[in-house]
Amino acid sequence: RAAVDQVSEQIGQASSAIEQMTGRARQVNDALQQMTNIVEQSASGAANVSAATQEQMASVEEIASSSTSLGQMADEMRAMCVSEEKDAFFEKEGLSNDVWESTFGIKWFASLPIA
């Protein structure tokens with residue numbers, strides 16, 4: 001009878017140890033699941049930041065392109081205005097465009113208002 005009691009006690013201890021191990025395994029599993037969720041959320045956040053950064057870069061490139069175009073348009077408009085002023089001056093002075101390099105051209109240039 002003592003041997004049966006001893007075996008019964010050992011089975012009870014083994015069962016208790018198995019229950020503790022099962023509980024700890026569940027805790028480890030839960031912790032791993034939480035870590036997986038955190039990693040997935042981090043990856044999603046990184047992807048969102050990356051997408052937003054790409055959108056901002058595209059916007060900056062568009063702004064730079066627009067600025068370049070506006071600068072070119074301003075240069076063209078300035079050249080047109082200068083050309084019209086030169087033509088008006090030459091017409092007023094009764095000159096032709098072939099004297100542009102002459103002193104009259106210098107006189108016209110000197111007559112331009114300083115901006």
Side-chain angles (χ1 to χ4, degrees):
R1 173 119 174 117
V4 172
D5 288 340
Q6 187 178 9
V7 169
S8 178
E9 185 180 327
Q10 288 175 350
I11 290 173
Q13 289 173 349
S15 177
S16 178
I18 290 171
E19 285 178 16
Q20 288 177 353
M21 287 175 37
T22 301
R24 289 185 181 150
R26 284 187 183 133
Q27 289 174 343
V28 168
N29 186 44
D30 290 344
L32 289 174
Q33 186 61 42
Q34 289 175 347
M35 287 175 57
T36 300
N37 291 341
I38 290 169
V39 168
E40 287 174 354
Q41 289 173 355
S42 294
S44 176
N48 289 340
V49 168
S50 177
T53 301
Q54 288 176 345
E55 288 176 13
Q56 288 178 347
M57 278 298 289
S59 295
V60 168
E61 288 174 2
E62 287 179 29
I63 290 169
S65 176
S66 296
S67 296
T68 300
S69 296
L70 287 172
Q72 290 171 345
M73 288 171 59
D75 288 343
E76 290 171 7
M77 290 178 70
R78 191 176 309 113
M80 286 176 20
C81 290
V82 167
S83 178
E84 288 175 9
E85 288 178 13
K86 176 185 73 76
D87 291 345
F89 176 81
F90 276 28
E91 186 176 325
K92 180 179 126 193
E93 297 291 324
L95 303 171
S96 65
N97 281 331
D98 58 348
V99 295
W100 169 240
E101 298 296 329
S102 71
T103 56
F104 293 107
I106 295 169
K107 182 179 175 186
W108 167 80
F109 187 77
S111 73
L112 291 177
I114 299 175

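Values in this document were obtained by computation on a predicted structure and should not be read as measured data.
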- Hydrophobic side-chain clustering at under 4.5 Å (ILVMFWY, transitive links): who's grouped with Val7? Put none if nobody. Ile11

Hey, can you pull the donor-acceptor pairs under 3.5 Å for the side chains in residues 17-24, sequence neighbours left out?
residue, atom, partner, partner atom, Å
Thr22, OG1, Ile18, O, 2.8

- Message: Donor-acceptor check, side chain of Ser50 to backbone of Ala46, threshold 3.5 angstrom: yes or no?
- Response: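 Not confirmed, Ser50 side chain does not pair with Ala46 backbone.
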
May I have the list of side-chain donor-acceptor pairs in residues 57-67 shorter than 3.5 Å, sequence neighbours left out?
residue, atom, partner, partner atom, Å
Ser59, OG, Glu55, O, 3.1
Ser66, OG, Glu62, O, 3.0
Ser67, OG, Ile63, O, 2.9

Distance-only criterion, 3.5 Å: show the donor-acceptor pairs between side-chain atoms of residues 28-35 and protein atoms not counting sequence neighbours.
residue, atom, partner, partner atom, Å
Gln33, NE2, Asn37, OD1, 3.4

